[in-house]
Participant: 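Before anything else, here's the structure in question.
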Protein chains: 2
Amino acid sequence: MRATYREQLDDIMSDLVGMSQTVSHAVRNATTALLDADIRLAEQVISSDEQLDHNQADIEARCFQVLARQAPVAGELRTVVAALRMVTELERMGDLAAHVAKIARLRYPESAVPADLKPTFVQMGDVAEKMVVTAGQTLSDRNIQGAEELHARDQEMDELRKSQFRVLLSDDWTYGVEAAVDVALLGRYYERIADHAASVARRIIYVVTGEFPDDEVWPQP
Amino acid sequence: MRATYREQLDDIMSDLVGMSQTVSHAVRNATTALLDADIRLAEQVISSDEQLDHNQADIEARCFQVLARQAPVAGELRTVVAALRMVTELERMGDLAAHVAKIARLRYPESAVPADLKPTFVQMGDVAEKMVVTAGQTLSDRNIQGAEELHARDQEMDELRKSQFRVLLSDDWTYGVEAAVDVALLGRYYERIADHAASVARRIIYVVTGEFPDDEVWPQP
């Protein structure tokens, strides 16, 4: 017979996987809203952020209950502590997707992203969404390989951001200051989504192995 | 006789206060480095960030030990859970101060901030530093009034950021795209430092009262 609190832990982990799915949709929709100046999708992302806030409060309360009533040790304790961290990371990724959507809404009916930079934002959105999906899979099957893939993608995101800065700061930039500021902040938001996804993966490695991965390779988020 | 684990908790809280002092110095030095193009101070802030990473790992390990060995409940459990959160917030504030210092270093021997915007960055740096100091005091004396002061200052920061955007996006902006991008990102970093300080305060309210403050007034960070 499984202990009830094991079931509670499994439920918490599966709700975290559910949150990761909400976040990955939010990231995809925010990117589409941004590139297509789609105000309906932008509003949808902003609303889904509220749902993530509720999920967070609910999962936190349940983690707290498990700690207070069951006093878990070893692997189970690591799981609860990691869950408390991951729920914050996921909620934060939702905030960042909402920030992207808010810039889309602010510039509507125009797109905030100049034509020349659309391809890098397509890639950034794609990398970020895939990272969130992989983080969710890593969460659901506790597969450390997925976590390693996330590290490589995080570096890809850094390269995309650097290439954006090169475009932004070149003498050929003709889109003005407002577009430059939007692009710089949007790039920052995508970079942070990627950082959080990589961080979720680090926490899974910690749950599975009891140790954090080598911080030379996996810088602290 | 005090329980040993109460002493451990007190030590954890006092080390968090120590971290808040390191962070407030980092914020002050980062601002000076930025405004005066002081490369020595910039390097110092970047180094102190590493110390904060070590502090974080150490405090996390001790929180984990308390949870595993002492199975705290009620107020003590809230304290440990809040400490795990606050240590992340403080480490993150250190990262953000280091981001400011890295922009200062990148533009050295120039200052990244155009003359017209120096006064708002002086204010932003001042508000951010005071918020970190107040967060530290709130931590050390568990005084909820300090937490309320932080909320007001957080709004002050938001206003400063809005006024920066008005300068940045006005037709009179003559400093070019690079300076605009720097200012936009720097403003974001200061805003996030303020958010984290306000968030530390929310967690203290939670430790003291067992409830989060009204989220209408205190938006989720």
Side-chain angles (χ1 to χ4, degrees), chain A residues 49-50 52-54 56-57 60-61 63-74 76-78 80-82 84-85 88-89 91-92 94-95 99 164-165 167-171 173-189 192 195 199 206 210 212 215 219-221, chain B residues 49-50 52-54 56-57 60-61 63-74 76-78 80-82 84-85 88-89 91-92 94-95 99 164-165 167-171 173-189 192 195 199 206 210 212 215 219-221:
Chain A
D49 184 36
E50 285 172 33
L52 287 167
D53 291 347
H54 288 299
Q56 180 189 24
E60 282 190 355
C63 286
F64 197 83
Q65 252 177 26
V66 170
L67 285 173
R69 297 191 187 158
Q70 316 291 349
V73 292
E76 272 87 23
L77 177 57
R78 285 205 303 273
V80 184
V81 170
L84 276 168
R85 295 298 173 68
T88 310
E89 310 266 8
E91 187 274 332
R92 191 72 209 131
D95 284 345
H99 286 344
Q164 268 187 357
F165 272 117
V167 175
L168 212 55
L169 301 179
S170 81
D171 295 336
W173 182 260
T174 55
Y175 299 103
V177 167
E178 185 179 272
V181 165
D182 283 347
V183 166
L185 290 174
L186 287 164
R188 173 76 184 159
Y189 301 148
R192 290 297 299 154
D195 288 342
S199 176
Y206 171 69
F212 277 112
D215 278 339
Q220 282 281 347
Chain B
D49 184 36
E50 284 172 33
L52 287 166
D53 292 348
H54 289 298
Q56 179 189 25
E60 283 189 354
C63 287
F64 197 83
Q65 252 178 25
V66 170
L67 286 172
R69 298 192 185 157
Q70 315 292 350
V73 293
E76 272 87 23
L77 177 57
R78 285 205 302 274
V80 184
V81 170
L84 277 168
R85 294 299 174 66
T88 310
E89 311 264 9
E91 187 274 331
R92 191 71 209 132
D95 284 345
H99 287 344
Q164 268 187 357
F165 272 117
V167 175
L168 212 56
L169 301 178
S170 81
D171 294 336
W173 182 259
T174 55
Y175 299 103
V177 167
E178 185 178 272
V181 165
D182 283 347
V183 166
L185 290 174
L186 287 165
R188 173 77 184 158
Y189 301 148
R192 291 296 300 153
D195 288 343
S199 174
Y206 170 70
F212 277 112
D215 277 339
Q220 281 280 345

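Just so it is clear: chains get the letters A, B, ... in the order the sequence lines come, proteins before strands, and each one is counted from 1.
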Participant: Compare every heavy atom of B:Ala184 with every heavy atom of A:Val181, then report the nearest pair and how far apart it is.
Facilitator: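 Nearest pair, atom of A:Val181 first, then B:Ala184: CG1-CB, 3.7 Å.
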Participant: Of the backbone (N, CA, C, O) and the side chain (C-beta and beyond), which part of B:Leu67 lies under 4.5 Å from a heavy atom of chain A, both, or neither?
Facilitator: both
Participant: Measure across A:Gly176 and B:Val177 and return the closest heavy-atom pair with its distance rounded to 0.1 Å.
Facilitator: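 That closest heavy-atom pairing would be O-CG2, 4.4 Å.
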Participant: To check you understand the geometry: which heavy-atom pair defines the closest contact between B:Leu169 and A:Glu178, and what is its length?
Facilitator: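 Shortest heavy-atom separation between B:Leu169 and A:Glu178 comes out as CD2-CA, 3.6 Å.
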Participant: Heavy atoms, side chains only, cut-off 4.5 Å: are A:Glu60 and B:Val81 in contact?
Facilitator: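 The answer is no, as the side chains (C-beta and beyond) never meet within the 4.5 Å cut-off.
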Participant: Residues two or more places apart in sequence or in another chain: which of them pass side-chain contact (heavy atoms from CB on, under 4.5 Å) with A:Val73?
Facilitator: none
Participant: Just jot down the side-chain contact (heavy atoms from CB on, under 4.5 Å) partners of B:Arg188, sequence neighbours excluded, or say none.
Facilitator: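 Here the qualifying residues are A:Arg92, A:Leu96, A:His99, A:Leu185, A:Tyr189, B:Arg161, B:Glu191, B:Arg192.
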Participant: Identify which part of B:Phe165 has an atom lying under 4.5 Å from any heavy atom of chain A, answering side chain, backbone, both or neither.
Facilitator: side chain
Participant: Contact part of B:Arg78 toward chain A, heavy-atom cut-off under 4.5 Å: side chain, backbone, both or neither?
Facilitator: both
